[in-house]
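Taking it in order: structure first as structure tokens, then the write-up.
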Amino acid sequence: FSIPTDINSWDRLQTAEFYHRDLGWAVHALLPPNKGQEHERGKKPIQKGWRSHTASEVTPDYLREHFASGSNYNLGVVVRSPFVHVDLDSKPDAGESVRAWLAEQPGLIDFPRERTGGGAHFVFICRDIPPAVAKANKAPTAKISDAVMAELYLDGMNIVLSPSIHKSGS
């Protein structure tokens, strides 16, 4: 699969349709960036039971209802195997430490990534996650450097996708 280079210029409906149709992802609606408690804004799924949400439940009507013009829902995905998402963050410096660390990683230099407010997201296919890790209820974290943290989003976890809007407005 390939993520188009101009995906960040697409509207939410077009992007949601791509993620669902071309990648088979279980896309779902998240709270708008100005709704909910401070730590939930723009990130919390709107539907109950979202952890069991699958791509087969996503219909054209669902996509239009939640992501068509005028909608302010953010776009998320319930991660499903064999995909894993890696979130690299250095929030205190708005991702500058992540970008510096990535510049020193020749194996990742040409790898597609999504720039985030705190760093970057990567998507990988991984078919051999250790069972103890695969059973995690929240994203396992690791310190990559003094300033960079990594979170591993696995099957059944929620992650925000572009072109969602952060609660800060970016």
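Everything numeric in this text was worked out from a predicted model, so none of it was measured. We use all heavy atoms of the structure for the numbers below, so side chains are in, but hydrogens, waters and symmetry mates are not.
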Problem - side chain to side chain donor-acceptor pair (under 3.5 Å): pairs with one or both residues in residues 94-104, sequence neighbours excluded - result: D93-S97, E96-R99

Practice task
Please say whether more than 12 non-hydrogen atoms of neighbouring residues, nucleotides or ligands are located less than 6.0 Å from CG in D6.
Solution key: yes

Handout entry: Inter-residue atom distance S69.OG - D11.CG, 0.5 Å rounding
Key = 7.5 Å

Problem - Interatomic spacing from CD in E57 to CH2 in W50 - rounded to 0.5 Å - result: 13.5 Å

Problem - salt bridge (charged side-chain N to carboxylate O under 4.0 Å, His left out) pairs, two or more places apart, involving residues 138-150 - result: none

Problem - Heavy-atom closest contact (A120 atom, L102 atom, distance) - result: CB-CD1, 4.1 Å

Handout entry: Where at least one partner belongs to residues 60-79, residue pairs that pass salt bridge (charged side-chain N to carboxylate O under 4.0 Å, His left out), sequence neighbours excluded
Key = D61-R64

Practice task
Look only at the side chain of S162 and the backbone of S164, and say whether a donor-acceptor pair between them is shorter than 3.5 Å.
Solution key: no

Handout entry: Sole residue of K44, K167, K43 in salt bridge (Lys or Arg N to Asp or Glu O under 4.0 Å) with E38
Key = K167

Handout entry: Where A29 and Y62 come nearest, the two heavy atoms and their spacing
Key = N-OH, 2.9 Å

Practice task
Name all residues meeting the side-chain contact (heavy atoms from CB on, under 4.5 Å) criterion together with P140; count only those two or more places apart in sequence or in a different chain, and write none if there are none.
Solution key: V133, A136, L152, L154, M157

Completion exercise
Those residues at least two apart in sequence (or on a different chain) that pass side-chain contact (heavy atoms from CB on, under 4.5 Å) with T141 are M149, E151

Practice task
Enter the distance from N72:CG to N34:CG here, rounded to the nearest 0.5 Å.
Solution key: 6.0 Å

Handout entry: Approximate separation, where rounding is to 0.5 Å, of R113 CZ and L108 CG
Key = 6.5 Å

Practice task
Keeping the roles fixed (side chain from H20, backbone from A55), state whether a donor-acceptor pair exists under 3.5 Å.
Solution key: yes

Handout entry: Atom pair NE2/OH of H121 and Y153 - distance to nearest 0.5 Å
Key = 6.5 Å

Problem - Distance in Å, L63 CG paired with T15 OG1, rounded so as to fall on 0.5 Å steps - result: 11.0 Å

Exercise for the section: Give the intermediate values and the outcome of side-chain contact (heavy atoms from CB on, under 4.5 Å) for residues W25 and V123. Expected result: CA-CA 12 Å; W25 287 2; V123 179; 3.8 Å; yes

Handout entry: Exam field: side chain D89 to backbone K91, donor-acceptor pair closer than 3.5 Å
Key = no

Handout entry: Co-membership, hydrophobic cluster, residues L161 and W10, 4.5 Å side-chain
Key = yes

Counting only pairs under 3.5 Å, give me each side-chain donor-acceptor contact of residues 75-84, with atom names and distances, residues two or more places apart or in other chains.
| unit_1 | atom_1 | unit_2 | atom_2 | d |
| --- | --- | --- | --- | --- |
| R80 | NE | H53 | O | 3.2 |
| R80 | NH1 | D155 | OD2 | 3.3 |
| R80 | NH2 | R51 | O | 2.6 |
| R80 | NH2 | H53 | O | 2.7 |

Exercise for the section: Consider only side-chain N and O atoms of Y19 and Q14, and report whether a donor and an acceptor are under 3.5 Å apart. Expected result: no

Handout entry: Contact summary for S71 and R12, nearest pair of heavy atoms
Key = O-NH1, 3.2 Å

Completion exercise
In I46, I159, N158, the residue satisfying side-chain contact (heavy atoms from CB on, under 4.5 Å) with L30 is N158

Practice task
Quick one: sort the F122 and F124 rings into parallel, tilted or perpendicular, breaks at 30° and 60°.
Solution key: parallel

Practice task
Name the orientation class of the two ring planes belonging to H66 and Y73 (parallel below 30°, tilted from 30 to 60°, perpendicular beyond 60°).
Solution key: tilted

Problem - Hphob cluster co-occupancy, L88 + I109, side-chain heavy atoms under 4.5 angstrom - result: no

Fill in the blank from the handout: V27 and V58 have their tightest heavy-atom pair at O-CG2, 3.5 Å

Handout entry: Flag, side chain of R41 to backbone of G36, donor-acceptor distance under 3.5 Å
Key = yes

